[in-house]
Amino acid sequence: MSVKVVVGAQWGDEGKGKVTDLLAEQADVVVRYQGGNNAGHTVVVGGDEYKLHLIPSGILHPDTLCIMADGTVIDPEGLASELEGLLARGISCDNLRVSGNAHVIMPYHRLLDELQETARGAGSIGTTRCGIGPVYTDKTARKPLPVRMWDLLDKDALRERVEGQLAQKNIILQALYDAEPLELEAVVEQVWQHAETISDHICDTRALLYEKLEAGADIVLEGAQGTFLDLDYGTYPFVTSSHPIAGGACLGTGIGPTMIDAVVIVTKAYSTRVGAGPFPTELDSEIGDLIRDRGQEYGTTTGRPRRCGWLDGVALRASARINGATVIALMLLDVLDIFETINICTAYEIGGKNYSMMPANVELLSEAKPVFEEMPGWGCDLGATTDYDDLPQVTRDYISLIEEVAGTPVGLISVGPSRAQTIRRAEI
Ligand code: IMP
């Protein structure tokens, strides 16, 4: 039995989908523990590209049980269309289980996310407008009782919850945003039309997970987004409304901390961020544009161009600590193939002082200037390398510096999108 957590070490989009897909080969169960369809995973299998937002990438392995646990939030329309899309491509989703306790992203959550972001104007967070903030807000508010996945099994229960919610939401929509109120039956139908596609997958995933743990299963807990988008440990308020960090895996699944054997933090060989908020190593330059082009750095969910920069070693060190990382998966190393020199940020300079630790105060972080260590580039195509020892010495030096800065070994290196373009140094 083993329980491994896969966490984004940066601001999301690090390539967790590929890592989970590789780990799923040996795993019995893959579990998504937080977030919703604000996430986006691209996995390439045998030349076929799969873009997943909600369903764990383990679904591409027919024998792997895939669970969307209590901590996730689910848009029925998004889930139904992802299920239908996978089925149309011959991928069976019989092994998908969705927690009845997961909260449902309702049409009014998407609408409110849109209206709130628009109203924030220049001060917007840059959310995906999928309704994530509003649904988690309702979850923590507790009453009126929000809609959870169990309610998709009983239309009367669904109507009752929606009625309670609309009594408040319609006041907000009209008074704050001058928007039209929503009609009860229309909202109920909008959601209920997907209930049939989804209902067979809804169950008590907590009980199912305990059963699997007792049976000695190998379990992968997959986070969405990344460490610095965590509601508490990210660059607040430019964060998501859930807990992508490894601790969030415990909250979202009900698996206790001492049952976790390994924490894999996933980082790109450089940095990206979508949406607003501090990003110390951002390159507003030709180099940033080159990284974006080579890394295809456009949002899977929103299509937005991602902000790009050199690897932030200070942030990676913080991430290793917050997550209790046991190993690093280093992704998209091949994107750096063409650069003559490569930089890695090893400290911040803030107000004339050097910081080797990431400051918790976001105001300070927004003023951080990166202190870079420059290294020679390798200037060759790494895409076909499968053995660590075949990497150029300068590439291995870059990897060693990452390990030193993060205080954590690099166990897996990705040099291209396909499963085969992976260098494994250790069992992760
Ligand atoms: P929300 O999760 O839609 O509320 O967005 C909050 C912040 O998280 C915004 O900056 C989004 O761009 C960012 N975000 C949410 N999901 C992802 C993701 O999967 N990858 C990268 N950024 C994300």
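This one's a predicted model, so the numbers in the text were calculated from it and none came from an experiment. In listed order, ligands and their atoms are each counted from 1.
Every atom of ligand 1 is numbered from 1 in the order shown, and the set under 4.0 Å from a heavy atom of Ile125 is 10 (O).
For atom 20 (N) of ligand 1, the nearest non-hydrogen atom of the protein is Asp13 OD1, 2.9 Å. Distance from atom 3 (O) of ligand 1 to its nearest protein heavy atom, with residue and atom name: Thr128 OG1, 2.5 Å. What sits closest to atom 12 (O) of ligand 1 on the protein, heavy atoms only, is Arg304 NH2, 3.0 Å. For atom 17 (C) of ligand 1, the closest non-hydrogen atom of the protein is Gln225 CG, 3.5 Å.
For Gly126, the closest heavy-atom approach to ligand 1 falls below 4.0 Å. Under a 4.0 angstrom heavy-atom cut-off, Arg273 registers as lying outside contact with ligand 1.
Checking only distances, Val274 does come within under 3.5 Å of ligand 1, N or O to N or O. The distance criterion of under 3.5 Å between nitrogen or oxygen atoms is not met by Val239 with respect to ligand 1.
When the heavy atoms of Asp113, Val73, Thr127 are ranked by distance to atom 5 (O) of ligand 1, first place goes to Thr127. Selection from Leu229, Thr240, Asn38 by nearest heavy atom to atom 14 (N) of ligand 1 gives Leu229.
A cation-pi arrangement is absent between Arg304 and Tyr298 under the rule of less than 6.0 angstrom and at most 45 degrees off the ring axis.
A salt bridge links Arg292 with Asp289: at least one charged nitrogen is closer than 4.0 Å to a carboxylate oxygen. In summary, Glu222 and Arg32 do not engage in a salt bridge, as defined by a charged side-chain N under 4.0 Å from a carboxylate O. One finds no salt bridge joining Arg161 and Glu163 here, because no Lys/Arg side-chain nitrogen approaches an Asp/Glu carboxylate oxygen to under 4.0 Å. A salt bridge between Glu297 and Lys268 is present, with a side-chain N of the basic residue lying under 4.0 Å from a carboxylate O of the acidic one.
Contacts between Trp11 and ligand 1 below 4.0 angstrom, taking non-hydrogen atoms only, involve the backbone exclusively. Neither the backbone nor the side chain of Thr302 comes within contact range of ligand 1; no heavy atom lies under 4.0 Å.
Residues Leu111 and Lys169 are not in side-chain contact: their nearest non-hydrogen atoms beyond the backbone lie 4.5 Å or more apart.
Under the 3.5 Å distance criterion, with hydrogens and angles disregarded, a donor-acceptor pair is assigned to the side chains of His109 and Asp138. No hydrogens or angles considered: nothing links the side chains of Asp204 and Ser99 as a donor-acceptor pair under 3.5 Å.
Between Phe339 and Trp310, the two ring planes are perpendicular [angle over 60°; tilted spans 30° to 60°].
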